[in-house]
Amino acid sequence: MSHRRRNNKSDPKAEPNENSLDAGVQFDVPPNCLVCRVGIEKTGIINSFPDNFVAGSLFHIPGRITSKHYGRAVTLRNALRGDTSMKTIGMVVFEGVQSLDVSGPLDVFAETNAFVRPDQHYKIMTIGPADCNVTASNGMILASNLSYAEATFPLDLLLVPGGPSLPTSDAPSGVVDCIQRLVPLSRIYGSVCTGAFLLGAAGLLDGRKVTTHWQNAKQLALRYPNAAVDYDRIYMRDGPMVTSAGVTAGIDLALALVREEHGPAISLAVAKRLVVVAQRLGGQSQFSPYIEFSLDTGSPISGVITYVMEHLDRDLSIAELATASAMSERNFARAFVATTGSTPAQYVERARVDAARAMLEGTRKPLKLIAHECGFGNPKRMREVFVKRLGILPTQYRDQFLIK
């Protein structure tokens, strides 16, 4: 086979180094040789193309390609091997699955196909029980492209959706077996919402950073203590594993993966098409109540909590709260932490945030007045605490949640 290449000997910058790609090998050329041929000509590495080149033949790139063309050479090598950009996505479904956990992310990838080249399209498939449909938690009937047993090939992305019953029931063995078989074959794998409980049942959470629905995050952390559960993140990635918070956060996760693969312009176009934000502000703490305690109404700490909620405009120092509990400051601080799991100062700050959130949602009071009534002192301090606790400004919170 005749071809020409650059004369590297005349170019001192083209000397091989640790970033060079050894290209002195042969690759099978896939049938879509036109795509490969264009890629070869555009690299600037191969100066001519043999006239007798046909699909299915072997093509040989001699010598070494320097770091100047390394990235393009890797793309060329992958194309010649038949590794095109098309990504295969598998979504596991099961009885009682949350339908939006399935359809939300898959719609993102399906809509992306309208904005990228055909060779970059996502191939989407659902994987479920053999010879039967599943009923989602909302009563919707979902079909599958493949059964659990038939899914035995590599995937670019494997996603496991959640279901309302997963945190309180045993994981279906068929689903767990399927996950355990497919994860080693998948480039990226992960979960949406409470699908993280299925990843845990498959033994995949140990030593991993993971998130899930805020309402179930504590339960996930207790069930899988070797996992680092983040209570606030909308989505996160730890190596090949990706996880998202509750329900619609699966859309955020899918948009993030599209942004990673195709850039922010494509991700934004898809978000606009779906009428969602391309990148959500803040974490899921803005959707969850901070103050969730179930205490004996007759206990001293319960009385202090009531006192705090009724006097948020006060300083609420340790000394003041200890007096309200009829305990010494040291004993009160110890008892409070033991009962609530947080220090008095942390609790007071959270209570102020919750009260401010309620006012921002239900009233049009000026920020200065809300900051005063909730004990922040001034709007600047309230902004600082909101950003620290919720990841957004009070004005942004009001824009999202004001009841009109």
Legend entry - Arg181 atom CZ, over 12 foreign heavy atoms within 6.0 Å: yes
Legend entry - Partner of Arg398 under side-chain contact (heavy atoms from CB on, under 4.5 Å), chosen from Ile392, Leu360, Leu393: Leu360
Inset, instruction - Kindly give the heavy-atom pair with the smallest separation between Ala371 and Pro379, and that separation in Å. - result: CB-N, 3.8 Å
Legend entry - Within-4.5 Å side-chain heavy-atom neighbours: Tyr224 and Leu220: yes
Inset, instruction - Salt-bridge test for Arg352 and Glu349: reply yes if a basic N is under 4.0 Å from a carboxylate O, no otherwise. - result: no
Inset, instruction - Look up atom CE in Met91 and atom CG in Leu155, then write down how far apart they are to the nearest 0.5 Å. - result: 11.5 Å
Legend entry - Beyond-backbone contact of Met241 with Arg237, side-chain heavy atoms, under 4.5 angstrom: no
Legend entry - Check against side chain to side chain contact (heavy atoms under 4.5 Å, CB included), Phe376 and Val353: CA-CA 9 Å; Phe376 291 106; Val353 170; 4.2 Å; yes
Legend entry - Distance-minimising heavy-atom pair for Tyr397 and Arg357: OH-NE, 3.2 Å
Inset, instruction - Indicate yes or no for a side-chain donor-acceptor contact from Thr306 to the backbone of Ser302 under 3.5 Å, with no hydrogens or angles considered. - result: yes
Inset, instruction - With the side chain counted from C-beta on, respond yes when Lys123 and Lys87 share a heavy-atom pair under 4.5 Å apart, and no when they do not. - result: no
Inset, instruction - Considering non-hydrogen atoms only, spot the tightest contact between Arg350 and Ser342 and give its length. - result: NH1-CB, 4.0 Å
Inset, instruction - Keeping the roles fixed (side chain from Ser99, backbone from Met140), state whether a donor-acceptor pair exists under 3.5 Å. - result: no
Legend entry - Aromatic ring pairing Phe332/Phe336, orientation class (parallel under 30°, perpendicular over 60°, tilted between): tilted
Inset, instruction - Side-chain contact test, heavy atoms from C-beta onward, threshold under 4.5 Å: evaluate it for Phe115 versus Val258 and give yes or no. - result: no
Legend entry - Short side-chain to backbone donor-acceptor contact, Arg223 and Pro167, under 3.5 Å: yes
Legend entry - Flag, side chain of Glu320 to backbone of Leu316, donor-acceptor distance under 3.5 Å: yes
Legend entry - Residue pair Pro394 / Arg383, side-chain heavy-atom distance below 4.5 Å: yes
Inset, instruction - Measure the shortest side-chain to side-chain distance between Ser191 and Leu198 over non-hydrogen atoms and say whether it is less than 4.5 angstrom. - result: no
Inset, instruction - Go through His213 and Phe197 one step at a time and tell me if the ring-ring contact (aromatic ring centres under 6.0 Å, His included) criterion holds. - result: CA-CA 11 Å; His213 195 293; Phe197 284 84; over 10 Å; no
Inset, instruction - Decide yes or no for Val210 and Asp238: does some side-chain heavy atom of the first lie under 4.5 Å from some side-chain heavy atom of the second? - result: no
Legend entry - CA sep, side-chain torsions, deciding dist, call: Met236, Asp230, side chain to side chain contact (heavy atoms under 4.5 Å, CB included): CA-CA 9 Å; Met236 64 192 312; Asp230 192 302; 3.8 Å; yes
Inset, instruction - Write down the atom of Gly246, the atom of Cys193, and the distance for their closest heavy-atom approach. - result: CA-SG, 3.5 Å
Legend entry - More than 12 heavy atoms of other groups within 6.0 Å of Asn226 CG: yes
Inset, instruction - Apply side chain to side chain contact (heavy atoms under 4.5 Å, CB included) to Thr135 and Glu95, showing your working. - result: CA-CA 5 Å; Thr135 304; Glu95 194 70 16; 3.3 Å; yes
Inset, instruction - Please round to the nearest 0.5 Å and tell me the distance separating atom NE2 of His372 and atom CG of Leu367. - result: 14.5 Å
Inset, instruction - Without swapping roles, check the side chain of Ser244 against the backbone of Tyr235 for a donor-acceptor pair under 3.5 Å. - result: no
Legend entry - Reference residue Leu157; test side-chain contact (heavy atoms from CB on, under 4.5 Å); the match among Tyr122, Phe109, Tyr189: Phe109
Inset, instruction - Take Thr211 and Val229 through the side chain to side chain contact (heavy atoms under 4.5 Å, CB included) test and state the conclusion after the steps. - result: CA-CA 5 Å; Thr211 191; Val229 180; 6.0 Å; no
Legend entry - Distance (rounded to the nearest 0.5 Å) between Ser325 OG and Asn331 CG: 9.0 Å
Inset, instruction - Let me know which of Val304, Leu321, Ile301 forms a side-chain contact (heavy atoms from CB on, under 4.5 Å) with Pro344. - result: Leu321
Legend entry - Heavy-atom donor-acceptor pair, Asp313 side chain to Glu373 backbone, under 3.5 Å: no
Inset, instruction - Working to the nearest 0.5 Å, report the span between OH of Tyr148 and SG of Cys178. - result: 7.0 Å
Inset, instruction - Identify the residue among Asp101, Val97, Thr243 that makes a side-chain contact (heavy atoms from CB on, under 4.5 Å) with Val192. - result: Asp101
Inset, instruction - State whether Lys380 and Glu384 are salt-bridged, where the test is any N-O pair (Lys NZ or Arg NE/NH1/NH2 against Asp/Glu carboxylate O) under 4.0 Å. - result: yes
Legend entry - Audit row: Thr126, Asn145, side-chain hydrogen bond (donor to acceptor under 3.5 Å, both in side chains) steps and yes/no: CA-CA 5 Å; Thr126 51; Asn145 301 106; 3.2 Å; yes
Inset, instruction - Would you give the length of the straight line joining atom CG of Leu106 to atom CD1 of Ile251, rounded to the nearest 0.5 angstrom? - result: 10.5 Å
Inset, instruction - Supply the atom-to-atom distance Ile266 CD1 to Arg259 CZ, rounded to the nearest 0.5 angstrom. - result: 13.0 Å
Legend entry - Closest contact, heavy atoms only, Thr339 versus Ala335: OG1-O, 2.8 Å
Inset, instruction - Compare all side-chain heavy atoms of Ile179 with those of Leu199 and state whether any distance is below 4.5 angstrom. - result: yes
Legend entry - Taking every non-hydrogen atom, the tightest pair across Glu150 and Leu146: OE1-CA, 3.5 Å
Inset, instruction - Check Val242, Leu182, Thr88 against Leu158 for a side-chain contact (heavy atoms from CB on, under 4.5 Å) and give me the one that passes. - result: Leu182
